[in-house]
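For reference, the structure is listed below as structure tokens.
Just the heavy atoms: all of them, side chains too, but no hydrogens, waters or symmetry mates, feed the values below. In this chain, residues are counted from 1 in sequence order.
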Amino acid sequence: MKPNSFWLETAPAFTKNSPLSGDGRADVAIVGGGFTGLSAALTLAKKGISVRLLEAGKVAAEASGRNGGHCNNGLSHEFSGVAARFGVERAREMYRAFDGGVDLVERLVTSEGIDCDFVRSGKLKLAARPAHFDKFIRAQEVLAREVDADTAIIAKADLGTEVATERYYGGLLQRRSASMHVGRFGIGLAHAATRAGATIHQDAAVTAIDRIGGGRFRLKTARGAIEADQVVLAIGASQHGPFSWFRRRIVPVGSFIIVTEPLGAERASAIMPGRRTCTTSQHIGNYFRLTSDHRLVFGGRARFAMSSPTSDLKSGVILQAQLREVFPRIADARIDYCWGGVVDMTQDRLPRAGMRDGMHYAMGYSGHGVQMSVYMGDVMARRISGEELPNPWRDVEWPAVPLHFGKPWFLPFAGLYYRALDRIS
């Protein structure tokens with residue numbers, strides 16, 4: 001069993017890195033080489049704006065390359081709850097931003113020729129309890145009426161046409177959702193940005209950002225400094241660098257994944273004939289899907305802990321037991337990969353994007369980042385270039401998490417709380 005991300009290990013190499021050596025300048029400096037930063041770099045470069053992207057490690061190697069490979073539409077909350085907080089029109093705007101994110105990913109895959117197995121698979125949310133299925137029925141009625149007619153309810157009696165398991169009590173289908181190989185997409189997006197004229201500096205962690213004359217910025221690294229007119233912060237759940245204001249508002253939560261050996265087409269279709277991206281309704285639930293070579297990718301927040309080699313291994317054991325419970329017919333399947341990653345969670349599980357100290361930022365995708373990160377990178381870049389494009393997360397209050405200063409000391413207590421909720425709800 002390899003302690004590596006399947007997506008990263010099976011992606012091609014990024015061959016257009018420009019090692020930073022000495023000082024330089026750009027119209028826009030981007031901090032972070034995940035999907036947000038790469039998307040912003042591509043859009044800006046295509047508009048003829050000079051861009052330098054500073055990535056502390058390797059492009060698309062953190063959250064963007066360590067997730068479940070889902071590219072789903074739809075909010076993480078019930079639409080009616082978001083509408084109650086923000087109003088129906090604003091809730092529609094937020095929901096449709098996720099639709100726009102999936103659409104944008106699909107357009108980029110086509111226009112940039114990115115070979116990443118993108119397919120509109122549809123997302124199936126599975127009810128872990130009968131009461132959850134009752135909520136699905138009410139939620140789908142609201143979705144169909146207000147914002148997304150391309151949804152459906154699948155009763156337990158019909159669930160076998162989608163997922164061959166007795167564990168769940170029905171599902172909510174959102175047909176616009178997709179899946180892809182996120183490692184190959186990330187490298188493809190990076191190469192597209194450099195083809196358009198962006199410069200990408202890997203292994204260039206930002207250690208300080210200073211305001212200098214003329215309203216410009218100076219971004220310092222151990223390898224040199226970049227001066228820029230504008231800055232985009234696409235740092236996610238980064239625990240390093242001069243970003244303490246954001247760290248107090250982002251809770252880094254570990255999420256863990258195992259991947260089976262290739263099951264073969266017949267065996268894979270037997271357990272997931274619908275080949276959807278699947279999530280479950282528990283607070284501490286699972287998510288799973290098949291790959292193009294018929295592996296099962298099975299993940300979840302198995303433990304409320306940060307990712308580390310030890311934590312990943314412990315979580316992998318838990319995930320194996322959960323996989324066997326959901327799909328007992330492949331209980332003997334070998335596990336080829338096991339890894340962890342970090343989700344940039346906000347308190348209300350809604351993304352945040354805007355300006356802080358004169359710098360643009362987008363982050364806090366809370367487990368729904370594949371499509372929204374690409375979308376918000378593009379949105380922020382277009383706004384920088386002068387387009388009057390609405391930011392769907394504008395003016396959303398973002399207070400600091402009480403007693404949180406960057407290190408999530410409270411994760412075990414949060415885990416106990418959510419496990420208790422799962423037992424009683």
Spacing of [X] atom [atom1] and [Y] atom [atom2] [to the nearest 0.5 Å]:
X: Gln320; Y: Gln322; atom1: CD; atom2: CD; result: 11.0 Å
X: Arg85; Y: Ser80; atom1: CZ; atom2: OG; result: 14.0 Å
X: Met363; Y: Met345; atom1: CE; atom2: CE; result: 15.5 Å
X: Ile154; Y: Leu173; atom1: CD1; atom2: CG; result: 5.0 Å
X: Asp312; Y: Leu319; atom1: CG; atom2: CG; result: 10.0 Å
X: Leu108; Y: Leu38; atom1: CG; atom2: CG; result: 11.0 Å

*Under the ring pair (Phe, Tyr, Trp, His ring centres under 6.0 Å) rule, what pairs show up with a residue in residues 52-71, not counting sequence neighbours?*
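For residues 52-71, and leaving out neighbouring residues, the ring pair (Phe, Tyr, Trp, His ring centres under 6.0 Å) pairs sorted by first residue read His70-Tyr287.
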
Has [X] got a side-chain atom pairing as donor or acceptor with [Y]'s backbone, closer than 3.5 angstrom?
X: Asp148; Y: Leu143; result: no
X: His404; Y: Ile250; result: yes
X: Arg276; Y: Ser177; result: no
X: Asn391; Y: Ala353; result: yes
X: Asp344; Y: Gly364; result: yes
X: Thr346; Y: Leu350; result: yes
X: Gln371; Y: Gly369; result: no
X: Ser255; Y: Val342; result: no
X: His77; Y: Asp348; result: yes
X: Trp339; Y: Phe6; result: no

*Are any of the side-chain heavy atoms of Ser76 and Arg349 separated by less than 4.5 Å?*
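Counting from C-beta outward, Ser76 and Arg349 do come under 4.5 Å.
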
So does [X] pair up with [Y], basic N to acidic O under 4.0 Å?
X: Asp203; Y: Lys58; value: yes
X: Glu78; Y: Arg138; value: no
X: Glu397; Y: Arg249; value: no
X: Asp336; Y: Lys2; value: no
X: Arg211; Y: Asp357; value: no
X: Glu112; Y: Arg195; value: yes

Indicate whether any N or O donor in one side chain lies under 3.5 Å from an N or O acceptor in the other, for [X] and [Y].
X: Asn73; Y: Asp150; result: no
X: Tyr365; Y: Thr36; result: yes
X: Asp378; Y: Ser39; result: no
X: Thr10; Y: His181; result: yes
X: Gln174; Y: Thr151; result: no
X: Asn4; Y: Tyr337; result: no
X: Thr277; Y: Asn72; result: yes
X: His201; Y: Arg52; result: yes

May I ask you to check whether [X] and [Y] place their ring centers less than 6.0 Å from one another?
X: Phe133; Y: Tyr168; result: no
X: Trp398; Y: Trp393; result: no
X: Phe118; Y: Phe185; result: no

*Carefully, step by step, assess Arg176 and Glu106 under the rule salt bridge (Lys or Arg N to Asp or Glu O under 4.0 Å).*
CA-CA 11 Å; Arg176 297 178 187 174; Glu106 185 173 34; over 6 Å; no

For [X] versus [Y], what's the shortest heavy-atom pair and its separation?
X: Phe35; Y: Gly186; value: CE2-CA, 3.5 Å
X: Gly354; Y: Met380; value: O-CE, 3.6 Å
X: Pro392; Y: Ala97; value: CG-CB, 3.9 Å
X: Pro242; Y: Ile209; value: CG-N, 4.1 Å
X: His294; Y: Ala268; value: CB-CB, 3.9 Å
X: Ala192; Y: Leu42; value: O-CD1, 3.5 Å

*Name the one of Lys220, Arg218, Arg25 that satisfies salt bridge (charged side-chain N to carboxylate O under 4.0 Å, His left out) with Glu227?*
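It is Arg218, the one option of Lys220, Arg218, Arg25 that forms the salt bridge (charged side-chain N to carboxylate O under 4.0 Å, His left out) with Glu227.
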
_Between His191 and Thr15, is the side-chain hydrogen bond (donor to acceptor under 3.5 Å, both in side chains) condition met? List the steps._
CA-CA 8 Å; His191 280 141; Thr15 60; 3.2 Å; yes

*Mind running side-chain contact (heavy atoms from CB on, under 4.5 Å) on Phe79 and Val147 for me, showing each step along the way?*
CA-CA 9 Å; Phe79 181 84; Val147 72; 3.9 Å; yes

*Given salt bridge (Lys or Arg N to Asp or Glu O under 4.0 Å), test Asp134 with Arg129 step by step and report yes or no.*
CA-CA 9 Å; Asp134 294 339; Arg129 294 193 176 189; over 6 Å; no

*Taking only residues two or more places apart in sequence or in another chain, which ones pass ring-ring contact (aromatic ring centres under 6.0 Å, His included) with Phe217?*
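Residues passing ring-ring contact (aromatic ring centres under 6.0 Å, His included) with Phe217: none at all.
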
*Going by the side-chain hydrogen bond (donor to acceptor under 3.5 Å, both in side chains) test, name the single residue among Thr280, Thr279, Asn286 that passes it with Gln282.*
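Going through Thr280, Thr279, Asn286 one by one, the side-chain hydrogen bond (donor to acceptor under 3.5 Å, both in side chains) with Gln282 is satisfied by Thr280 alone.
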
_Could you walk me through whether Glu146 and Val88 satisfy the side-chain contact (heavy atoms from CB on, under 4.5 Å) test, starting with their C-alpha distance in whole Å, then the side-chain angles of each, then the deciding distance to 0.1 Å, before giving a yes or no?_
CA-CA 8 Å; Glu146 298 292 350; Val88 173; 3.7 Å; yes

*asked:* Run the ring pair (Phe, Tyr, Trp, His ring centres under 6.0 Å) test on Phe288 and Phe327 for me, step by step, so that the C-alpha distance in whole Å, both residues' side-chain angles and the decisive distance to 0.1 Å come before the verdict.
replied: CA-CA 11 Å; Phe288 45 91; Phe327 295 117; 5.4 Å; yes

*Within a radius of less than 6.0 Å around NZ of Lys47, do more than 12 heavy atoms belonging to other residues, nucleotides or ligands occur?*
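Atom NZ in Lys47 is crowded, with more than 12 foreign heavy atoms closer than 6.0 Å.
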
_Using side-chain contact (heavy atoms from CB on, under 4.5 Å), reason through Leu159 and Tyr169 one step at a time and then give a plain yes or no._
CA-CA 8 Å; Leu159 202 56; Tyr169 295 87; over 6 Å; no

*asked:* Show, in sequence, the C-alpha distance, side-chain angles and deciding distance for Leu53 and Thr199, and conclude whether the side-chain contact (heavy atoms from CB on, under 4.5 Å) test is met.
replied: CA-CA 6 Å; Leu53 185 151; Thr199 300; over 6 Å; no

